[in-house]
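Every chain is numbered from 1, with letters handed out A, B, ... down the list of sequences.
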Protein chains: 2
Amino acid sequence: MEKKKELPLCPVETTVGLISNKWKILILRELLKGTKRFGELRSGIDGISQKVLTQNLRSMEEDGIIQRHAYPEVPPRVEYSLSDLGETLKPIISSMEQWGLGYQEMINNG
Amino acid sequence: MEKKKELPLCPVETTVGLISNKWKILILRELLKGTKRFGELRSGIDGISQKVLTQNLRSMEEDGIIQRHAYPEVPPRVEYSLSDLGETLKPIISSMEQWGLGYQEMINNG
DNA sequence: TCCGTTGGTTACTAAAAGGTTCCTATATAA
DNA sequence: TTATATAGGAACCTTTTAGTAACCAACGGA
């Protein structure tokens, strides 16, 4: 999903390389609330398909921003959570949330 | 480029709807430095093609986050700048820049 | 008269992303 | 005995996005 080449010089580009994808940002939004099971993520993110959720989770795991923990149970239970690195992305999501709130307000009663 | 349906309830999703695209974020990065001509944007954003730049500029203009000013000269001169709304996105780009700096540092001498 | 410059547009093609459907394993409950 | 629940994987297809190349208009200068 992400190419593992050298980092771009521009820090914005570096960041964008990791979370430019819409779904990843929504996954982050969910995981910032705490550890979640696969099914919880699936139902918490409107419109995401199982395939796309899996793909993005794998990619984010590879990038070291989330952690996956599978319990050897039946039926299977798999929990996802942010890594320490993933937690550091919080300010970005928060700024998006803040902006979105202001924008919604502007649109709705502007 | 963006569908003009109702806003999502989630503010993060609202924001993501406007700037989920990698190129738009890089365009914002450029325009946060100030007004730029089409050609300057083109050369300032590594790897962007003329078509994609034009498309995204149109879309962002429709969304009201940038402004386009064409001067009736030959050869043509077209300047792009952030609208007031566009300026309010600055904290998002800044947080990405901050994060990217930290990440680069971590990778390079971690 | 023809060239170069700028900021596009259009048509065609390739690649990436996403959607859908079907399949699996197995403990447990009914 | 059989249905159920969970977290995927595989195959196939459609849609979206991006890249490439060609073309254009208009004026000023050589």
I need the [atom1]-[atom2] distance between [X] and [N], as an integer number of Å.
| X | N | atom1 | atom2 | result |
| --- | --- | --- | --- | --- |
| K22(A) | dT15(D) | NZ | P | 17 Å |
| E73(B) | dG7(C) | CD | P | 10 Å |
| L41(A) | dA7(D) | CG | P | 9 Å |
| L26(B) | dA18(D) | CG | P | 12 Å |
| E40(A) | dA7(D) | CD | C1' | 13 Å |
| R77(A) | dA5(D) | CZ | C1' | 14 Å |
| I48(B) | dT17(D) | CD1 | C1' | 12 Å |
| L57(B) | dT6(C) | CG | P | 17 Å |

OP1 or OP2 of [N] less than 4.0 angstrom from a side-chain nitrogen or oxygen of [X], does that happen here?
| X | N | value |
| --- | --- | --- |
| R37(A) | dT6(D) | no |
| S49(A) | dG19(C) | yes |
| R68(A) | dG8(D) | yes |
| W23(B) | dT17(D) | no |

For this session: Before accepting this row, confirm whether a basic side-chain N of the pair R29(B)/E13(A) lies closer than 4.0 Å to the acidic partner's carboxylate O.
Result: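 Yes, charged N to carboxylate O under 4.0 Å.
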
Exercise. Can you get from L18(A) to I107(B) by hopping between Ile, Leu, Val, Met, Phe, Trp and Tyr side chains that sit under 4.5 Å apart?
Worked result: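 L18(A) and I107(B): one cluster.
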
Exercise. Tell me, for nucleotides 21-30 of chain D in 5' to 3' order, what letter each nucleotide earns: B for a base near a protein heavy atom under 4.0 Å, S for only sugar-phosphate near one, - for neither?
Worked result: -----BB---

Exercise. Counting only N and O atoms by type, is there a donor-acceptor contact under 3.5 Å from the side chain of S20(B) to the main-chain atoms of G17(B)?
Worked result: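 Checking the backbone N and O of G17(B) against the side chain of S20(B), no donor-acceptor pair under 3.5 Å is found.
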
For this session: Report yes or no: does T14(A) contribute a side-chain atom to a donor-acceptor pair with the main-chain N or O of G100(B) at less than 3.5 Å?
Result: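 Not confirmed, T14(A) side chain does not pair with G100(B) backbone.
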
For this session: Mind checking Y71(A) for me? I need base, sugar-phosphate or nothing, with any heavy atom below 4.0 Å counting as a touch.
Result: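 Nothing: the residue Y71(A), judged by heavy atoms under 4.0 Å, touches no strand.
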
Exercise. What does R42(B) touch in the nucleic acid at a heavy-atom separation under 4.0 angstrom: a base, only the sugar-phosphate, or nothing?
Worked result: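 No contact.
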
Exercise. Which heavy atom in R42(B) sits nearest to a heavy atom in Q50(B), and how many Å separate them?
Worked result: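 Result for this residue pair: NH1-N, 3.4 Å.
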
Exercise. What are the two closest non-hydrogen atoms of S81(A) and T35(A), and how far apart are they?
Worked result: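 Where S81(A) meets T35(A) most closely, the heavy atoms are CB-OG1, 3.4 Å.
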
Problem set entry | Candidate nucleotides dG8(C), dG18(C), dG19(D), ranked by approach to the side chain of R58(B) - the nearest |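 Looking only at side-chain atoms, R58(B) lies closest to dG8(C).
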
Exercise. What nucleotide, of dG19(C), dG7(C), dG8(D), holds the atom closest to the side chain of F38(A)?
Worked result: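 Nearest listed nucleotide: dG8(D).
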
For this session: Can you tell me which residue pairs pass the ring-ring contact (aromatic ring centres under 6.0 Å, His included) test with a partner in residues 76-101 of chain A, sequence neighbours excluded?
Result: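 Every pair satisfying ring-ring contact (aromatic ring centres under 6.0 Å, His included) with a residue in residues 76-101 of chain A: W99(A)-Y103(A).
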
